[in-house]
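See below for the structure under consideration.
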Amino acid sequence: MITRSILANLYRSTVSYPLNTGAKIPAVGFGTFQATDEEAYSSVVAALKAGYRHIDTAWIYGNESQVGQAIKDSGVPREEIFVTTKVWGTFHQKPLENLEISLEKLGLEYVDLWLIHWPVPLNPNGNSPRMPTNPDGSRDVVPESEWDFVKTYELVQEAVALGKAKSVGVSNFSIKNLKKLLAAPTTKIVPAANQVELHPLLPQPELIEFCKQNNIVVEAYSPLGSTGSPVLKDETLIAIAKEYEVSPATIAISWAVWRNTVVLPKSVTASRIESNLEIVQLKDEDGERINEIAKKNGPKRLINPPWAPYVVFND
Ligand code: NDP
């Protein structure tokens, strides 16, 4: 369902998708990565006032307390907001402890979606327990012979019966990793969602199709290209934006919804927080033009932590 806004062709999104749990997830969610404490608080208050009903955070972002406070202070009832947080790599062997910390910080009884942030267990006693910084990340990655994400997910599922997560899922999972997870006898709950980097420079159509076949909702993170929003400099996107008389950001976000994915734009700028919730109904031919962008120069991954090329993106 879409409601008409003041400007012609521009709508404030109230689109949502059904999860495999039966719950609904709002298509346009609000990102909080790289927001400072103050920014996280004020931007989440502003987002909820603007009409977002889906907030995406993570333990590693370090801003769950501010996000939780903003949710409380917004006056929007808890049950109207879809809240996601994520297990960090250093907690793979005890994910429920991570969830307890997240819930405490958020000041919430439960989250709506709890994701394994990366399919990579990290050594909690490694060089840099929060964020490995050595060139290939390998020193801080727990060897697969000791632990893997299948074991993590087995524990993560327990949160649903405990009532601490309404649904569980994954993030940064490739098709290969999803196949491994789905084939494991310990996997009793099909992940509700897979949150991955998705934008016109990295459209990942095969991954979207695999998730669709398996009833897993796909969430597009860094939809504008993350820091500095490089995606918005693409000439095709700019041309389409001119035709619709909207910004390239609106086209990037609308394209994600046209593809039936969740999309998680982040902004700490009041005007952008508001405008990123407004989308246009893209014509199929324009959606297809955007699909072609990455075919010209090849897909471009912009989020690339040190361990990822070795253990996540190599299939
Ligand atoms: P985005 O692609 O959302 O881009 C954010 C950047 O775009 C910021 O610099 C922001 O600036 C700018 N921006 C926002 N709106 C506009 C606009 N309308 N016009 C021009 N520039 C704009 O990046 P993120 O990497 O933050 O991704 C979004 C969310 O996805 C994250 O916040 C997080 O919640 C999630 N995520 C998940 C990951 C995972 O591993 N699961 C990894 C990365 C992100 P400003 O804020 O100054 O307005």
Side-chain angles (χ1 to χ4, degrees), residues 10 26-36 38-40 42-44 46-47 50 52 54-64 66-67 82-89 102 111 113-120 122 131 149 169-174 177 191 193-202 204 207 217-234 237-238 241 246-256 261-280 300-308 311-313:
L10 196 58
V28 183
F30 187 70
T32 61
F33 175 45
Q34 300 191 111
T36 63
E38 272 175 33
E39 289 170 342
S42 55
S43 66
V44 171
Y52 291 79
H54 175 176
I55 308 293
D56 184 81
T57 186
W59 175 83
I60 193 66
Y61 301 166
N63 56 24
E64 287 172 312
Q66 290 72 28
V67 169
F82 191 100
V83 181
T84 300
T85 197
K86 314 181 190 99
V87 185
W88 188 239
S102 289
V111 287
L113 178 61
W114 187 40
L115 305 176
I116 297 183
H117 204 148
W118 288 87
V120 186
L122 297 173
M131 189 65 79
F149 58 76
V170 295
S171 176
N172 295 299
F173 271 52
S174 60
N177 287 341
N194 185 20
Q195 184 180 121
V196 294
E197 181 181 342
L198 276 186
H199 45 68
L201 309 184
L202 187 72
Q204 307 210 56
L207 180 61
V217 162
V218 177
E219 298 188 74
Y221 79 60
S222 304
L224 312 177
S226 203
T227 312
S229 50
V231 165
L232 307 183
K233 298 188 180 84
D234 178 83
L237 211 63
I238 292 172
V246 295
S247 71
T250 299
I251 296 297
I253 294 164
S254 303
W255 174 71
T261 66
V262 166
V263 57
L264 302 167
K266 168 262 176 188
S267 179
V268 297
T269 311
S271 58
R272 292 170 173 176
I273 292 170
E274 290 206 13
S275 64
N276 288 347
L277 190 57
E278 305 227 300
I279 59 172
V280 289
K300 192 166 181 204
R301 197 175 284 280
L302 301 167
I303 301 289
N304 218 344
W307 61 82
V311 288
V312 185
F313 306 136

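Model, not experiment: these values are computed from the prediction. Order of appearance sets the numbers: ligands from 1, and atoms from 1 within every ligand.
Short contacts between ligand 1 and Asp56, defined as distances under 4.0 Å to a heavy atom of the residue, involve ligand atoms 33 (C), 34 (O), 35 (C). Annotation for ligand 1: atoms under 4.0 Å from non-hydrogen atoms of Pro223 are 2 (O), 3 (O), 28 (C). Contact atoms of ligand 1 toward Leu232: 19 (N), 20 (C), 21 (N) (distance under 4.0 Å to a heavy atom of the residue). Distances below 4.0 Å separate heavy atoms of Thr269 from the following atoms of ligand 1: 45 (P), 47 (O), 48 (O). The Gly228 neighbourhood of ligand 1 comprises atoms 9 (O), with distances under 4.0 Å to a heavy atom of that residue. Counting atoms of ligand 1 from 1 in the listed order, those under 4.0 Å from a heavy atom of Ser229 are 7 (O), 21 (N). The ligand atoms of ligand 1 that sit less than 4.0 angstrom from a heavy atom of Pro265 are 3 (O). Proximity to Thr32 (heavy-atom distance under 4.0 Å) selects the following atoms of ligand 1: 32 (O), 34 (O).
Both the backbone and the side chain of Ser222 come within 4.0 Å of ligand 1, counting heavy atoms alone. Using a 4.0 Å cut-off between heavy atoms, Asn172 contacts ligand 1 through its side chain alone, with no backbone atom that close. Only side-chain heavy atoms of Asn276 come within less than 4.0 Å of ligand 1; its backbone N, CA, C and O stay farther off.
For atom 2 (O) of ligand 1, the nearest non-hydrogen atom of the protein is Leu224 N, 2.7 Å. Protein heavy atom nearest atom 38 (C) of ligand 1, with residue, atom name and distance: Tyr221 CD2, 3.3 Å. Summary of contacts: the protein heavy atom closest to atom 12 (C) of ligand 1 is Arg272 NH1, 3.9 Å. The closest protein non-hydrogen atom to atom 29 (C) of ligand 1 is Leu264 O, 3.1 Å.
With distances taken over non-hydrogen atoms, the option nearest atom 37 (C) of ligand 1 out of Glu39, Gln195, His117 is Gln195. With atom 31 (C) of ligand 1 as the reference point, the heavy atom nearest to it among Trp118, Phe30, Phe33 is part of Phe33. Considering Glu197, Gln34, Glu278, Lys266 only, the shortest heavy-atom separation from atom 46 (O) of ligand 1 involves Lys266. One option in Pro230, Ser226, Ser247, Ala252 has a heavy atom closer to atom 1 (P) of ligand 1 than any other, and that option is Ser226.
Looking at ligand 1, you won't find any N or O of Ile303 less than 3.5 Å from one of its N or O atoms.
Across Asn63, Val268, Leu264, a single residue satisfies side-chain contact (heavy atoms from CB on, under 4.5 Å) together with Thr32, and that is Asn63.
Side-chain rings of Phe149 and Phe173 approach one another, their centers coming within less than 6.0 Å.
The CG atom of Leu224 sits 5.0 Å away from the CD1 atom of Ile253 when rounded to the nearest 0.5 Å. Expressed to the nearest 0.5 Å, how far NE2 of His199 lies from CG of Leu232 amounts to 10.5 Å. Summarising the geometry, atom CG belonging to Asn276 is positioned 9.0 Å from atom OG1 belonging to Thr269; distances are rounded to the nearest 0.5 Å. To the nearest 0.5 angstrom, Thr84 atom OG1 is 13.0 Å from Trp114 atom CH2. Atom CD1 of Ile55 is separated from atom CD of Glu64 by 13.0 Å, given to the nearest 0.5 angstrom. Interatomic distance, NZ of Lys266 versus CZ of Phe30, reported as 8.0 Å (0.5 Å rounding).
Within 6.0 Å of the CD atom in Gln34, the count of heavy atoms belonging to other residues, nucleotides or ligands exceeds 12.
Between Pro223 and Val231, the shortest heavy-atom contact is O-CG1, 4.1 Å. Residues Thr250 and Ile279 come closest through the heavy atom pair CG2-CA, 4.2 Å.
Ring geometry for Tyr61 against Phe33 counts as tilted: the plane angle lies between 30° and 60°, on a 0 to 90° scale.
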